[in-house]
Amino acid sequence: MTTNLAIKKLYQLVDIPDFRYRNGCSNIDYGDIASDCDTKTISILEAINHISLSIFSIAEDKEINKETILNLSGVIADLAEIGITTNKISQTASYLSGFKDGTHGA
């Protein structure tokens, strides 16, 4: 019997190796991964904010270019999905970092 995976979003593919269940993962610095992903998530949210404000400016023009607004909306949606992904990585890495530190590096 085969199982069909219903992966439709980037964040569904994210899987950080867990040192508790996989060999060769004890040298992963989960804290650095979490920090890096937090920084990237903030940058993505700032980009979404900037693009959203640009849409407001474009919408105030007398001649609105519908294609430009649609393209920017697509970019916002893509950035949001990437932001969800980096946040998921950050949360998992933060958890594993705390768990690893709590067990003195396992």
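Model, not experiment: these values are computed from the prediction.
Atoms CG and CG, on L53 and N49 in that order, are 4.5 Å from each other to the nearest 0.5 Å. Here the CG-CD distance, from L72 to E67, works out to 10.5 Å after rounding to the nearest 0.5 Å. One finds the NZ atom of K66 at 9.5 Å from the CD1 atom of I69 (value rounded to the nearest 0.5 Å). If you take CG on L70 and CG on N65, they are separated by 9.0 Å, rounding to the nearest 0.5 Å. Taken from OG in S73 to CD1 in I55, the straight-line distance is 4.0 Å, to the nearest 0.5 Å. Between the CD1 atom in I51 and the CZ atom in F56 there is a gap of 13.5 Å [rounded to 0.5 Å].
Between the S97 side chain and the A93 main chain, no donor and acceptor come within less than 3.5 Å of each other. Remark: the backbone N or O of E63 is not paired with any side-chain donor or acceptor of D61 at under 3.5 angstrom. Judged by distance alone, the side chain of S90 and the main-chain N or O of T86 form no donor-acceptor pair under 3.5 Å. Judged by distance alone, with hydrogens and angles left aside, the side-chain atoms of S52 form a donor-acceptor pair with the main-chain N or O of I48 at under 3.5 Å.
Residues L79 and A47 share a closest heavy-atom pair of CD1-CB, 4.1 Å. Across all non-hydrogen atoms, the minimal contact from R20 to L96 is NH2-CD2, 3.8 Å.
Both F99 and I33 are assigned to one and the same hydrophobic cluster, defined by single-linkage of ILVMFWY side chains at heavy-atom distances under 4.5 Å. Two different hydrophobic clusters hold V75 and I42 under the rule that ILVMFWY side chains link at heavy-atom gaps under 4.5 Å.
Checking each of I16, T92, D101 against Y30 for a side chain to side chain contact (heavy atoms under 4.5 Å, CB included) leaves exactly one that passes, namely I16.
Of the charged side-chain nitrogens involved, at least one lies within less than 4.0 Å of a carboxylate oxygen, so that K40 and D36 count as a salt-bridged pair.
A cation-pi arrangement is present between K100 and F19, with the terminal nitrogen or guanidinium carbon under 6.0 Å from the aromatic centre and inside a 45° cone about the axis.
Residues N87 and C37 fail the side-chain proximity criterion, which asks for heavy atoms closer than 4.5 Å.
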Working for side-chain contact (heavy atoms from CB on, under 4.5 Å), residues R22 and C25: CA-CA 6 Å; R22 292 188 191 167; C25 298; 3.6 Å; yes
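Within 6.0 Å of the CG atom in N23, the count of heavy atoms belonging to other residues, nucleotides or ligands does not exceed 12.
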